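One structure is given below, encoded as C-alpha cells.
In listed order, ligands and their atoms are each counted from 1. This is a predicted model, so every value here is computed, not measured.
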Amino acid sequence: MNRYIAFDLETTGLSREDDLIIEIGMVKVQDGEIIDRFQSFVNPGVPLREEISVLTGITDEMLKDAPVIFDLLDRVSDFVKGEVLVGHNVDFDAGFLSKYIPIENTLLDTLKLSRILLPFTPDHKLGTVARYLGIEVPVEHRALEDAITTYHILEKLKELIPETDYRVLIGTRDILPEGGEKQFLANLVNLSVKKGLNAKGYPFPIPENVKIPEFEEMVKIDVEKALSSEILERREQQVELAKRVEEAFEREEFLIAEAPTGIGKSLAYLLPSMKFSKEKQEKIYISTFTKTLQEQLLNKDIPLAEKLTGLGVKVVLQKGKNNYLCLKKLVNMRGDEKPEVYAGLFFWSKITKTGDLSEVFQILKNTDIIYYQMDDTCTGSECPFYRDCFYFRMKRELADANIVLSNHALIFREGIETPYIVFDEAHELERVATDALSRTFRYSHLRYLQRVMKPLLTRKKYRELEEKMKDMERVYQEVVDTLMPALEKFNTTPYDENNVNRLIKISDFLEGINEFTDDENVMAIVDRLKSDLSLIIHMDDPAYAFYARWLSRNDPLSVEFVAAPVDVSEKLSEFFRGVNTAVFTSATLTIAHSFSFFKDRMGLRGFREKTITVKIPEVYDYVNQLKIIIPLFLPYPDRPDFPKKAAELIMGLTHLRKGSLILFTSYQQMEMVHSLVSDHMEVAGITLLKQSRMTSRSALIEKFKEDIESVLMGTSTFWQGIDIPGEALEILIMAKLPFPNMNDPVLRARSKRIEMEGES
Ligand code: SF4
C-alpha cells in the first residue's frame, strides 16, 4: 500500500445524522512521503457547543468566514478520487463525508489495526497509539494534525510490525474479511517474509510473568545490613519489621504486623523471604489484594531487593485459572466470533508470554470472556494443546520458583504448595475469602453451558436447546424484574423466596439436560450449577447470607444471585492449619489498639502460641507535616447541593497549584463535581484527570505523577494500592469517608451474629 490519503474531520458532535463537519484535513502519501495536503475549516451554520470548542480549540469566530461544505465538495472529491482512505476510526469520518459525496474508496482503519497489532497499548486513542509508537503529537483534535498523526502511525506499523514472525501475520491476515486492513496485513506479510530469519520478533515490550534471576550465587546475607546500605537510607521502622519477619520464618510463627505507610514494608518482608527461600530451598508465597501492588513488587521492589542482597531469585506471577486463555476454546471460536475481535485475539495469543487475558481487556470488551478463559472443562494433559497451554506453562515454572506472587482470592481458591506465605494488604483478607467461598448463579452460566453443548448436539437438538434457552431467559428476566427497583438504587439487595421461586424452572431445566447429552464435562457443569442454584433458591442454610447484585448496568441479565458465607473464620482456620509461617501486614489491622478482632475473623484463635503481633510506630511526623481540614460548612454528601459546594471548595484550592487527589465514594457524584470544575481548571491551565472506563488506571496515575500540578478524580479503585511519592500528591480530598454500607446483606448478617455472640 504505497499510495493513500490519511484524513480526519472535526465535527459538531458524534451523530452522523444530526451533526456537521467543521474542519477537513487530508494528506496524500506516496511511497512513505507526504506529496500533497488539504485543510479547510467548514462553516456549519450553527454555533459550536462549548465542549467541542474546548476539545478542538476551534471557535465560532474561526468558522464564521469559512466556506460551507457544499463549496468544498468538488475539491474534496478530486483530492480523494480513486485513493485508499486511511483514518483512525475511519468509518466515522467516511460516514460523515458520504452524506455529501459518494465514498466508494477502499477504507483502512488505523484504530482496527491498533486493536489487532498493538494489544499492549494503554488504550487505542489516536494520541495514545502515536505516543506508544514514539511519534510526537504536538496538537490533537485538529483535522490536519490528526491526519498527519494517522499517516505517521501507518508508516510506523509498516516499518516495525514486519519484525514479527511472518506466520503469525499470515494467520492474522487470513482471519480478516476483504478490505483495507486485510490488504495492509498482506503488505506486512510480504515485508516480513523478506526479512525471513532476520526478523527480530514482535517489536514492542511484552509483559512477563516469570522473572529468571540474572545471577545464581548463593550468598549469606544480613537483612539489617542490606537495608542500611549506600543505596537505601536506613529506616528504623523498616529494619524492625524486617527483623520480625525474619524471626517469624526462623521460628515458624504467625506474625501480624500493623505497619504504617511510608516505611517501605515491601522490602521489609521481601528480603527475609528471599533469604529464607534461598537458604532452605523453599517457595514463598507473597499475596496481595491489588494488582498495583503486585506489579510494584514484580517490577520495582524485587529488582531492588536483588540489588541490595546480591541474591538472585526466580519469581513467578500466578493468577487464577480463569485469567488464562484456553487455546482449545480459542480454536473452537474461529468462525463464531467477529473477525476483527478474533484477529486481535489470535495475534495476541501468538505473541503473549503469559496468556493472561487481562492483557487484552480492551479486545474482550467486545465479546464475552467466558468463551476464551480456562475453566473446569479443561481436560489437562489429555488436551491436544496441553504442552503450549499458558496455565500449565505457568504451573511448570512454579516448580523451582523462589517467590510466587499471588493474590488473596487465588490463595483461598487454589491453596498453596508450600507452607510459607506473606499477606500484604491483609485487611482485605476476610472480604476476599468471603467472595472466594461464595456460591453464585447468573444467566451467563446458562449461556456458557449452551456454548459447551453446541458441538456435541445435532442441529435439530441444538435448535431445541435454543428454544429452551429462550424460555429460561424469559424466566430469569422476570425474576430480575422483581428486584430491579432496589437494584437500581443500591446495586445489591437482599431477596426472598417470592423473588426466586421462579428460578425452580431453571433448576428443572438443568435436571433435564441429560435428554440432550450425557457428556461428562457437561454433566460436571450442570451438577455444580444445580447445587449452587438449589442453595440460592431454598435459602435454608443459616451459614450463608443471600443477596442479588447487578454486575453490569447496561445488561439486566448480568444480575447475579449470591450465597455468601457469614463466617469464614472456620474455613480460614482449616487453611492455616497447613501453614508453618504466615505474615499478615497492612497499615490498618487493629481496632482500638487491639488485634483481637482481626485474629478472630481470620480464624487464628486456635493458634495463640505461635501468633505474634507487632505495631510498628509511625514514620511521619503527622502533627507537624500534615494538616487535616474538616469543612463543617459543607452540606452532608447525600444532599443535592453537596456537589456544587464541594466544587466551589475544590476550585478555591486550585490557586495553590499542588498535585491533588480527590476521592469519591460514588461515580455519579464524581461526574457531577467534575462537570462543575472542568471549565475552571481549563481556564486556570490545570490538567484535570478523571477515572473513566476508557482510560486505564495505571495510565492515569502515570499522567498524574508527571504533571505535579494536576488534579486527579477517582472512586473505589483509587482508594488503595496507589504509590504517589513526593510533590505529585500534596493535597488529598475525600468527598466522603468510605464507611462500609450497613445495608450490605453480608455485613448485616455478620453484625447480627456478632451481637448474638454477645460482642459488638
Ligand atoms: S489444557 Fe486446558 S486450559 Fe489449556 S488449552 Fe487445553 S483445555 Fe484449555
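- In terms of protein heavy-atom proximity, atom 3 (S) of ligand 1 is closest to M374 CG, 3.4 Å.
- At the top of the distance list for atom 4 (Fe) of ligand 1, counting protein heavy atoms only, stands C389 SG, 2.4 Å.
- Shortest contact from atom 5 (S) of ligand 1 to any protein heavy atom: L327 N, 3.4 Å.
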| task | Test side-chain hydrogen bond (donor to acceptor under 3.5 Å, both in side chains) on Y324 and D356 and set out the steps. | result | CA-CA 5 Å; Y324 293 90; D356 180 348; over 6 Å; no
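- Stacking of R396 on the aromatic ring of Y386 is recorded, both the 6.0 Å distance cut-off and the 45° axial limit being met.
- Within the 2.8 Å limit, C378 places no N, O or S atom next to atom 6 (Fe) of ligand 1.
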| request: Take F347 and T352 through the side-chain contact (heavy atoms from CB on, under 4.5 Å) test and state the conclusion after the steps. | output: CA-CA 9 Å; F347 183 81; T352 175; over 6 Å; no
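- Using a 30° and 60° split on the angle between ring planes, F423 and F412 fall in the parallel class, below 30°.
- Scanning all protein heavy atoms for the shortest distance to atom 6 (Fe) of ligand 1 gives C383 SG, 2.3 Å.
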| task | Verify side-chain contact (heavy atoms from CB on, under 4.5 Å) between R393 and R387, making sure each step is shown before the conclusion. | result | CA-CA 8 Å; R393 263 159 55 183; R387 241 194 71 234; over 6 Å; no
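- Residue-level proximity to ligand 1 for Y391 is absent, since no heavy atom of it falls below 4.0 angstrom.
- For atom 8 (Fe) of ligand 1, the set of nearby N, O or S atoms under 2.8 Å includes one belonging to C326.
- Relative orientation of the Y544 and F546 rings is tilted, given thresholds of 30° and 60° on the angle between their planes.
- The F392 neighbourhood of ligand 1 comprises atoms 1 (S), with distances under 4.0 Å to a heavy atom of that residue.
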